[in-house]
Amino acid sequence: MNRRNVFLSILITAVTLCGCGARYAVTGIERSRVLIDKRYDAANDAELQAFIAPYKQQVDSLVAPVVGRAGCNMSAGRPESTLSNLMTDILVWAGQRCGEQPQFAVYNIGGMRAAIGEGDVINVAPFDNKVCFITLTGEQVQRLFEQIAKRGGEGVSSSVRLVIDKNRQLKRATIDGKPIDPKAQYRVATNDYVVQGNDGMPAFKEGTQLVTPQ
C-alpha cells in the first residue's frame, strides 16, 4: 500500500469513528516515535517527486537568487537591534510603495527567526504575514509604547525614540523628535499578526482605517 492509500485509509477511519455517535469511546492511547531522517532519501518515490516538481521550481526561483549581501551580521534583540531597526524601516519604505505615509512602524521581535549575514534572507521572516497600515490616536500610541516597554522593547522604526528604565517602564517617547500629541492621529505600519493585538500589544486593536494591501 503506497503512502497516499495509507493516508486515505486513516482519514476514512477517522471520519467513520467521528460519525458513529456514542457507540465508540476511547479506552486507551498508544504511541510510537517514527524518526524521519536521511534513510528515507534512499527510497525515491517517483510519483511524489513528480507531484512536487512544479512547486519546487516556483520556490527555488524565489529563494535561490542572491538579492544582496549584508555588510555585517544583523540579529534581533531587545530593547533594540540592527535587524529590528532594518525590518521596521522596510515597513515604512513599503508604505511609500502602497500609497501610504506611515509616521512609524512596529515589528514584533518574535517574528524575526533568523539573522541576516548567514543563510537565506527568507528565513528571517518565514511566516505568511502581510504588511498593513492602521491609524492610532496619540493616546493609543502612548499606550502602545507603554506596552512595548513592558516587553523590554520591540522593533520600532528610526523615527521613534523610546526611553525605558530597568523596570520596563516608559520614561519618554518621541516621534520624529517631537513629543506625542494625545489628540493627533498617527499612521502606523506593521504586520497583520501584530495589528490584531498579538505579542502583548493590544493597543493596536483600538486602531481605525486598517488597510492591508494585497
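Just so you know, residue 1 is the first one in the sequence shown, and it goes up from there.
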J.: Group every Ile, Leu, Val, Met, Phe, Trp and Tyr by side-chain heavy-atom contacts under 4.5 Å, then state whether Val160 and Val163 land in the same group.
T.: no
J.: Is there a path from Val124 to Leu91 through hydrophobic residues (I, L, V, M, F, W, Y) whose side chains come within less than 4.5 Å of each other?
T.: yes
J.: Heavy atoms only: give me the nearest Leu136-Gly207 pair and the separation to one decimal.
T.: CD2-CA, 3.5 Å
J.: Nearest 0.5 angstrom please: Arg161 CZ to Arg172 CZ, how far?
T.: 11.5 Å
J.: Is there a side-chain contact between Asp181 and Tyr186 (heavy atoms, below 4.5 Å)?
T.: yes
J.: Would Asp37 and Arg39 pass as an ion pair if we require N to O under 4.0 Å?
T.: yes
J.: Does Glu139 reach the main-chain N or O of Pro182 with its side chain, forming a donor-acceptor pair under 3.5 Å?
T.: no
J.: Can you see which heavy atom on Gly77 is nearest to which on Ile109, and at what distance?
T.: O-CD1, 3.8 Å
J.: Counting N and O atoms only, with roles assigned by atom type, does the side chain of Asp165 sit under 3.5 Å from a partner on the main chain of Lys171, one being a donor and the other an acceptor?
T.: no
J.: Nearest 0.5 Å please: distance from the CG atom of Asn73 over to the CD1 atom of Ile116.
T.: 9.0 Å
J.: Without swapping roles, check the side chain of Asn108 against the backbone of Val194 for a donor-acceptor pair under 3.5 Å.
T.: no
J.: Output the distance between atom NZ (Lys205) and atom CG (Leu144), rounded to the nearest 0.5 Å.
T.: 13.0 Å
J.: Testing the 3.5 Å rule here: is there a donor-acceptor pair between the side chains of Asn191 and Asn129?
T.: no
J.: To check you understand the geometry: which heavy-atom pair defines the closest contact between Gly155 and Ser84, and what is its length?
T.: CA-CB, 3.7 Å
J.: Can you find a pair of side-chain heavy atoms, one from Lys150 and one from Glu146, that are under 4.5 Å apart?
T.: no
J.: Okay, side chain of Asn44, backbone of Ala46: is any donor-acceptor separation there less than 3.5 Å?
T.: no
J.: Are Leu170 and Ile175 connected into the same hydrophobic cluster when the rule is that any two of I, L, V, M, F, W, Y join if their side-chain heavy atoms are below 4.5 Å apart?
T.: yes
J.: Do you know the tightest heavy-atom contact between Ile164 and Ala149?
T.: CD1-CA, 3.7 Å
J.: Give the cluster check for Tyr107 versus Tyr193: same hydrophobic cluster or not, with ILVMFWY residues linked at side-chain heavy-atom distances below 4.5 Å.
T.: no
J.: Do Met87 and Asn85 come close enough that some side-chain heavy atom pair is under 4.5 Å?
T.: no
J.: Is it the case that the side chain of Thr190 and the backbone of Val106 share a donor-acceptor pair, with hydrogens and angles ignored and the cut-off at 3.5 Å?
T.: yes
J.: Would you say CD of Gln196 has more than 12 non-hydrogen atoms from neighbouring residues, nucleotides or ligands within 6.0 angstrom?
T.: yes
J.: Give me the one residue out of Gln103, Glu100, Gln209 that meets side chain to side chain donor-acceptor pair (under 3.5 Å) with Arg187.
T.: Glu100
J.: For the residue pair Ile148 and Glu154, what are the closest heavy atoms and their distance?
T.: CG2-N, 3.4 Å
J.: Any chance CD1 of Ile29 has more than 12 other-residue heavy atoms, nucleotides or ligands included, within less than 6.0 Å?
T.: no
J.: Are Leu86 and Val92 linked, directly or through intermediate hydrophobic residues, by side-chain heavy-atom contacts shorter than 4.5 Å (ILVMFWY only)?
T.: no
J.: Using modelled atom types and a 3.5 Å cut-off, is there a donor and acceptor pairing between side-chain atoms of Arg151 and backbone atoms of Met201?
T.: no
J.: Between the main-chain N or O of Gly153 and the side-chain N or O of Arg78, is there a donor-acceptor pair closer than 3.5 Å?
T.: yes
J.: Which pairs with one or both residues in residues 123-161 pass ring-ring contact (aromatic ring centres under 6.0 Å, His included), sequence neighbours excluded?
T.: Phe104-Phe145
J.: Within the side chain of Glu206, is there an N or O that forms a donor-acceptor pair under 3.5 Å with the backbone of Gln140?
T.: no
J.: Is there a donor-acceptor pair under 3.5 Å between the side chain of Thr88 and the backbone N or O of Val156?
T.: yes
J.: Any idea which heavy atoms bring Ser81 and Ala76 closest together, and the distance?
T.: OG-CA, 3.4 Å
